Enquirer: 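Structure incoming, see below.
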Amino acid sequence: MKLSVVVCTYNDRRIENLINSIDEECEIVVVCNGSDKEYINFVKDLLADKKQYKLLYIPEKSLSKARNVGTENATYDKTVHIDTDCIFYKGALKNYDKALDEHLVVDGKVEFLFNDKKSEIVSKMRSLGIPGSALCPSIGINKKIKDKIGGYFFDERLTWVEDAELNYRMKKNNIGFGVIEEVTCAHVPLSFKQDLHSAYNYGIGAKIRVYYKMRKKGVNFNSDVTKQMRKFGLKYWIYALRWNLSYARGYYFHKVKKGG
């Protein structure tokens, strides 16, 4: 299969589960960003029996730069980006491979797992997604898109929401994306604390985008998601409001310095 799976990682040992879930003979590109030597050796051992892989390293913790390094160094034009807290479902990579023959960008569906009531609420909200966007951790990118969106994949000035910024440039250049109807991967359960921390970071990312004039000022809440959460019940709606509040805190209270 002429497809490269790109994985960016710090020191997350859950990468072992991810690598074990790859059920096709494809290239695996792992970019360690700021990882320690022990972890790099751990990943090297995991990849030792794979027929085709690249293990790369960058000294700084920069997800957007790591994604660029992984994409640029991938052998094949068709790439799939996935995070270390996910695993692929059987047959998912075949679906990406086929879809990327027809589209420059493909959105794969993620199932957020849950193990208690709180993580179930998070799962429900995450499953609603953001309509009209192809986002990590399950995005497929054909490298041929690069010259059509400004000559780069991910903006390295961004510490968060680098995938949202990619979508902005796609829309600006009238580039759509394909959607894989089947669920492609599973994400580990998220607690309220973990999910709300992500919301805060997304708010920071939005503030940085405003700083660099990548988007208009103001907090853009996803009102459709909030309305849908209300349909599930009061506690779901209240959580959606808490999520929006965390996002707003990141946006309004983070002081942006040059370079993020």
Side-chain angles (χ1 to χ4, degrees), residues 1-10 26-35 52-83 93 96-108 130-180 201-217 220 256-260:
M1 180 181 289
K2 293 184 177 181
L3 179 136
S4 300
V5 175
V6 179
V7 185
C8 302
T9 181
Y10 174 50
C26 60
E27 180 181 54
I28 303 173
V29 181
V30 177
V31 184
C32 293
N33 51 318
S35 309
Q52 192 174 13
Y53 73 87
K54 291 180 180 178
L55 178 56
L56 309 172
Y57 172 78
I58 60 173
E60 60 268 53
K61 280 183 66 178
S62 170
L63 184 56
S64 51
K65 183 173 183 178
R67 292 197 195 282
N68 280 336
V69 169
T71 308
E72 294 284 4
N73 284 277
T75 300
Y76 304 114
D77 282 339
K78 292 184 286 187
T79 67
V80 178
H81 288 257
I82 190 165
D83 295 342
L93 291 174
Y96 278 109
D97 187 51
K98 181 179 179 181
L100 284 168
D101 283 333
E102 302 172 5
H103 305 278
L104 290 173
V105 174
V106 173
D107 184 42
I130 300 178
S133 298
L135 303 171
C136 299
S138 59
I139 188 173
I141 300 174
N142 191 314
K143 292 165 66 173
K144 293 177 182 178
I145 197 176
K146 183 178 179 181
D147 292 335
K148 301 177 186 295
I149 53 171
Y152 60 97
F153 298 107
F154 297 97
D155 195 312
E156 296 182 10
R157 293 173 295 179
L158 296 175
T159 51
W160 303 100
V161 301
E162 72 288 340
D163 49 354
E165 193 280 328
L166 168 63
N167 275 262
Y168 168 77
R169 280 181 287 126
M170 287 168 54
K171 292 174 183 176
K172 185 178 180 181
N173 290 282
N174 297 314
I175 300 173
F177 61 90
V179 177
I180 298 175
N201 288 333
Y202 298 157
I204 292 175
K207 184 68 169 290
I208 295 173
R209 288 182 65 196
V210 169
Y211 178 83
Y212 286 112
K213 300 180 179 179
M214 300 176 189
R215 52 159 280 184
K216 295 179 180 179
K217 290 183 179 180
N220 297 325
V256 181
K257 298 179 181 179
K258 192 170 183 180

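From a predicted model like this one, the values you see are computed outputs, not experimental measurements. These values consider heavy atoms only, across backbone and side chains, with no hydrogens, waters or symmetry-generated copies.
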Enquirer: Rounded to the nearest 0.5 Å, how far apart are CE of M214 and CD1 of I208?
Expert: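 Atom-to-atom, M214:CE and I208:CD1 are 8.5 Å apart.
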Enquirer: List for me each residue that meets salt bridge (charged side-chain N to carboxylate O under 4.0 Å, His left out) alongside E102, sequence neighbours excluded, and say none if there are none.
Expert: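 Applying salt bridge (charged side-chain N to carboxylate O under 4.0 Å, His left out) to E102 gives none.
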Enquirer: Mind listing the closest non-hydrogen atom pair of L158 and G205 along with its distance?
Expert: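 So the minimum-distance heavy-atom pair works out to CD2-O, 4.1 Å.
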Enquirer: How close do A134 and I139 get, counting heavy atoms only, and between which atoms?
Expert: O-CD1, 3.3 Å
Enquirer: May I ask you to decide if I175's main-chain N or O and K148's side chain share a donor-acceptor pair within less than 3.5 Å?
Expert: no
Enquirer: What is the distance from atom OG of S64 to atom CG of D163, rounded to the nearest 0.5 Å?
Expert: 10.5 Å
Enquirer: Taking atom types as modelled and ignoring hydrogens, do the side chains of Y76 and Q52 form a donor-acceptor contact shorter than 3.5 angstrom?
Expert: yes
Enquirer: For the residue pair L104 and M170, establish whether any side-chain heavy-atom pair is separated by less than 4.5 Å.
Expert: no
Enquirer: Checking side-chain contact (heavy atoms from CB on, under 4.5 Å) against L135, which of L166, N167, V161 comes through?
Expert: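 Only one option passes, and that is N167.
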Enquirer: Say you draw a straight line from OG of S62 to CD of E162; how long is it, rounded to the nearest 0.5 Å?
Expert: 8.5 Å
Enquirer: So, H81 versus F153, ring centres under 6.0 angstrom or not?
Expert: no
Enquirer: Counting only N and O atoms by type, is there a donor-acceptor contact under 3.5 Å from the side chain of N68 to the main-chain atoms of F154?
Expert: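 Yes; judged by distance alone, with no hydrogens or angles, the pair exists.
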Enquirer: Roughly how far apart are L63 CG and E156 CD, rounded to 0.5 Å?
Expert: 11.0 Å
Enquirer: Any cation-pi pair here, K61 with Y10, using under 6.0 Å and within 45°?
Expert: yes
Enquirer: With distance as the sole test, does K143 use its side chain to make a donor-acceptor pair with the main-chain N or O of T71 at under 3.5 Å?
Expert: yes
Enquirer: Could you state the interatomic distance from NZ (K144) to NZ (K78), rounded to the nearest 0.5 Å?
Expert: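 Rounded to the nearest 0.5 Å, the NZ-NZ separation comes to 9.0 Å.
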Enquirer: Is it true that D101 and K2 make a salt bridge, defined as a side-chain N closer than 4.0 Å to a carboxylate O?
Expert: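 The answer is no: the pair does not qualify as a salt bridge.
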Enquirer: If I take atom CD1 from residue I180 and atom CG from residue L100, how far apart are they, to the nearest 0.5 angstrom?
Expert: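 Interatomic distance, I180 CD1 to L100 CG, rounded to 0.5 Å: 7.0 Å.
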Enquirer: Do you know the tightest heavy-atom contact between Y152 and I149?
Expert: O-CD1, 3.4 Å
Enquirer: Using every non-hydrogen atom in the two residues, find where R169 and D155 come nearest and quote the distance to one decimal.
Expert: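 Smallest interatomic distance, heavy atoms only, reads NH2-N, 4.2 Å.
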Enquirer: Where the side chain of R215 meets the backbone of R209, is there a donor-acceptor pair that is under 3.5 Å apart?
Expert: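 It does not hold such a pair.
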Enquirer: Counting distance only, does the side-chain N/O of T79 pair as donor-acceptor with the main-chain N or O of I141 below 3.5 Å?
Expert: yes
Enquirer: Does S138 offer a backbone N or O that forms a donor-acceptor pair with the side chain of Y96 under 3.5 Å?
Expert: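 Yes, because the side chain of Y96 sits within donor-acceptor range (under 3.5 Å) of the backbone of S138.
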Enquirer: Please step through salt bridge (charged side-chain N to carboxylate O under 4.0 Å, His left out) for the pair D83 and R67, ending with a clear verdict.
Expert: CA-CA 11 Å; D83 295 342; R67 292 197 195 282; 3.5 Å; yes
Enquirer: With side chains defined as the heavy atoms from C-beta onward, is the minimum distance between C8 and K65 less than 4.5 Å?
Expert: no
Enquirer: Test the R157-Y211 pair against the cation-pi criterion, namely NZ or CZ under 6.0 angstrom from the six-membered ring centroid and within 45° of the ring axis.
Expert: no
